[in-house]
2 protein chains.
Amino acid sequence: MSSRLKDVAALAGVSTRTVSNVVSGTGAVAEETRARVQSALDELGYRPNVAARNLRAGRTGLIGLAIPELHSPYFGELAGMIVEAAQQRSWTVVIDQTFGDREAERRLLEGTGGRLVDGLIISPWALGPEELTGRSRDVPVVLLGEQQAHGVADRVAVDNVLAADEATTHLLSTGRRRIAAIGVQPHLRNGTARQRLSGYRQALRRAGLRPEPALERAVTTLHRKHGAEAMSALLEGDERPDAVFAFSDELALGALHVAVERGVRVPEDLAVVGFDGIEDGRYANPALSTVVPDKRQIAERALQCLADRIYSPASTVPPLDIVIPHRLDIRASSGRTG
Amino acid sequence: MSSRLKDVAALAGVSTRTVSNVVSGTGAVAEETRARVQSALDELGYRPNVAARNLRAGRTGLIGLAIPELHSPYFGELAGMIVEAAQQRSWTVVIDQTFGDREAERRLLEGTGGRLVDGLIISPWALGPEELTGRSRDVPVVLLGEQQAHGVADRVAVDNVLAADEATTHLLSTGRRRIAAIGVQPHLRNGTARQRLSGYRQALRRAGLRPEPALERAVTTLHRKHGAEAMSALLEGDERPDAVFAFSDELALGALHVAVERGVRVPEDLAVVGFDGIEDGRYANPALSTVVPDKRQIAERALQCLADRIYSPASTVPPLDIVIPHRLDIRASSGRTG
DNA sequence: CTGAAAGCGCTAACAG
DNA sequence: CTGTTAGCGCTTTCAG
């Protein structure tokens, strides 16, 4: 079985104190002793027991990442970058999926008291601002993509209203006038969909158009399937839209698929713009225009926030509100026609 | 700060033993005492310290998942299912990305001695069979998608040769004769690409065709970009293929994109089949035919293996070799023409 | 420079 | 039914 510090000490003929010093590089050890200890270490293939070290240190070197679902490309890409950024800081990431479940989100937020993790990055869907403000948590928390909670915890998100406005304005600039929005989510409390809707309406109004309820389609999830269903409904409606702004790339890809399948010409008859900048969109047919949040920066800043709070627990810096830049990638699905 | 068992005991006027019993539901506790302890528990918002519990129990409740990259749809979907299956077994998953790096893979495999995790699921890319057989590890390991290592550890994988044969045979059955293969990876040691290539060749030979080196395209990664590049090269070649079998859906989607963009009619002029059954393919234009491994079952069986080894460490059951079923989903990209 | 020993918070064997 | 206590393996204070 695996050997302990004590075994190594016995083999090298020194105390555990000295072995510990050699392992961690702490303190001063005579060169001769160090060599002897090192060979004992190698011979036994010693690995420090993480649990014991954690218990002693009061830190685990783990951070939690709680996201709705790992299989969606957006969260998959983001999670990958967070894991990578964490590795660079010598942290290990523990992943939980909430599936947008209120209880799961609440449990994770409150259950962090077990000190399994030194910090938590959570992307809440079902939890509203008031629920995020629970009893004060004992590990630092960073909220991802949540723009309603003020002063509760550090937040990292793009400016959804602005981004949606830009996407819609782009469609208007190509001459579209009946622009549908796919992705309204009245059942979620995180405000993302609401903000994108509001940016969309804002752009329409500025162009002198009036938002039409028939063009604002609700979905139960952000998956392709529901984008496809929403598109079907729109195509079967009385007045077809000439453009679609989908609140996620997945919805947009579902919509695109249905449109192309039914012989609608994209972008000539229908322009499509998505949101998230996932890799799939780049290779879709036609390639999908999309709002691209700087995911790499989301990951970096979120970890930076955690690091600051973890290493300076006494810090009185108020909760940060970090706005991540985004850009609009215009591709074939909304390319200017003739 | 967070309270300890001792604090709760003091508040409730009992010993830590009793509190421990209440928390864990072990032993018998008088109803009256239990109530008193419970209210003390609630009042202090007690959470057991995971590190201490782990140290005591010799288990952490964590399992490691080491995959090349989280952002690729295949691994994203698979990781999601593994996290889900682990949650059901009350395990938490720690994710590491190896990016197919030999050193990273080796480190993870050997570094499991720290007992951070109770078990490890790893999908090796760069490590060959001989390297997998290192010093005997002290936590159970499950190999994913590795079919060369015999008797080293439990393995869970689809029958790549068979699956590739089926995909190729399907293309042959639609009348294709110049079938290209995209995805040869001479630099990787995990054997997956080699096996798919061998299944592909086997099908060709059975049909009386001879494999042509010009039609077997190597790639450096399985990403869409390299599928696109391989397709470009094929289209610019002297004799165009009338079908493509890509060793991953991502490669297939990259190829599909380039083909459609250049006006090649799919499936009339070119049929495309991928491998992995990722969600993107279903909504591609045209929808992508693909070999679909039962990912849910991969996740389930891998966890089952770990559970068996972890809970019966003394088991003498030899390393298992689990073959996961797959199916061929024929969609528009290879639909029979005329 | 190195040894002895306390203690992180918890569980469980051993009393009572 | 409940209290006392010995460690799990490590780091670190205090001596030497």
Side-chain angles (χ1 to χ4, degrees), chain A residues 1-38 40-41 44-62 111-118 138-139 313, chain B residues 1-38 40-41 44-62 111-118 138-139 313:
Chain A
M1 222 48 225
S2 60
S3 50
R4 295 144 308 150
L5 220 44
K6 200 201 289 182
D7 303 323
V8 180
L11 180 60
V14 298
S15 80
T16 61
R17 162 68 200 262
T18 306
V19 181
S20 176
N21 277 345
V22 172
V23 171
S24 58
T26 341
V29 182
E31 193 42 56
E32 188 207 1
T33 317
R34 142 165 287 119
R36 196 147 37 87
V37 170
Q38 189 57 55
L41 243 20
L44 295 176
Y46 173 79
R47 305 275 163 187
N49 179 307
V50 186
R53 186 174 271 181
N54 290 345
L55 176 57
R56 189 60 232 232
R59 287 219 185 104
T60 61
L62 299 177
T112 54
R115 301 209 151 277
L116 201 214
V117 295
D118 293 338
D138 36 22
V139 305
Chain B
M1 219 49 221
S2 58
S3 49
R4 295 143 309 150
L5 219 45
K6 200 201 289 183
D7 304 323
V8 180
L11 181 60
V14 296
S15 78
T16 61
R17 163 68 199 263
T18 304
V19 181
S20 176
N21 277 344
V22 172
V23 171
S24 58
T26 342
V29 182
E31 193 41 56
E32 190 208 0
T33 320
R34 143 163 286 118
R36 197 146 37 90
V37 170
Q38 189 57 57
L41 244 21
L44 295 177
Y46 172 78
R47 306 276 162 189
N49 179 308
V50 187
R53 187 175 271 180
N54 290 346
L55 176 57
R56 190 58 233 236
R59 288 217 186 105
T60 61
L62 300 177
T112 55
R115 301 210 151 276
L116 202 213
V117 296
D118 293 339
D138 37 21
V139 306

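Just so it is clear: chains get the letters A, B, ... in the order the sequence lines come, proteins before strands, and each one is counted from 1. These values consider heavy atoms only, across backbone and side chains, with no hydrogens, waters or symmetry-generated copies.
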### Task
Classify every nucleotide of nucleotides 9-16 of chain D by which part a protein heavy atom approaches to under 4.0 Å, writing B for the base, S for the sugar-phosphate alone and - for neither, in 5'-to-3' order.
BBBBBB--
#### Entry: Donor-acceptor contact below 3.5 Å, side chain B/Thr16 vs main chain B/Lys6
no
### Task
Would you mind reading off the distance between B/Glu31 atom CD and D/dT2 atom C1', rounded to a whole angstrom?
15 Å
### Query
Could you state the CG-C1' distance from A/Asn54 to D/dC8, rounded to the nearest angstrom?
14 Å
### Message
Looking at A/Ser20, is its backbone amide N or carbonyl O close enough to the side chain of A/Ser24 to form a donor-acceptor pair, meaning the two atoms are under 3.5 Å apart?
### Response
yes
### Message
In whole Å, I'd like the distance from the CZ atom of B/Arg59 to the C1' atom of C/dT11.
### Response
14 Å
### Query
Between B/Leu41 and B/Val22, does a side chain to side chain contact (heavy atoms under 4.5 Å, CB included) hold up when you go through it step by step?
CA-CA 9 Å; B/Leu41 244 21; B/Val22 172; 4.0 Å; yes
### Query
To the nearest 0.5 Å, how far apart are CG in B/Leu5 and CZ in B/Arg17?
11.5 Å
### Query
In Å, rounded to the nearest 0.5 Å, how long is the span from CG of B/Asn54 to CG of B/Leu62?
7.0 Å
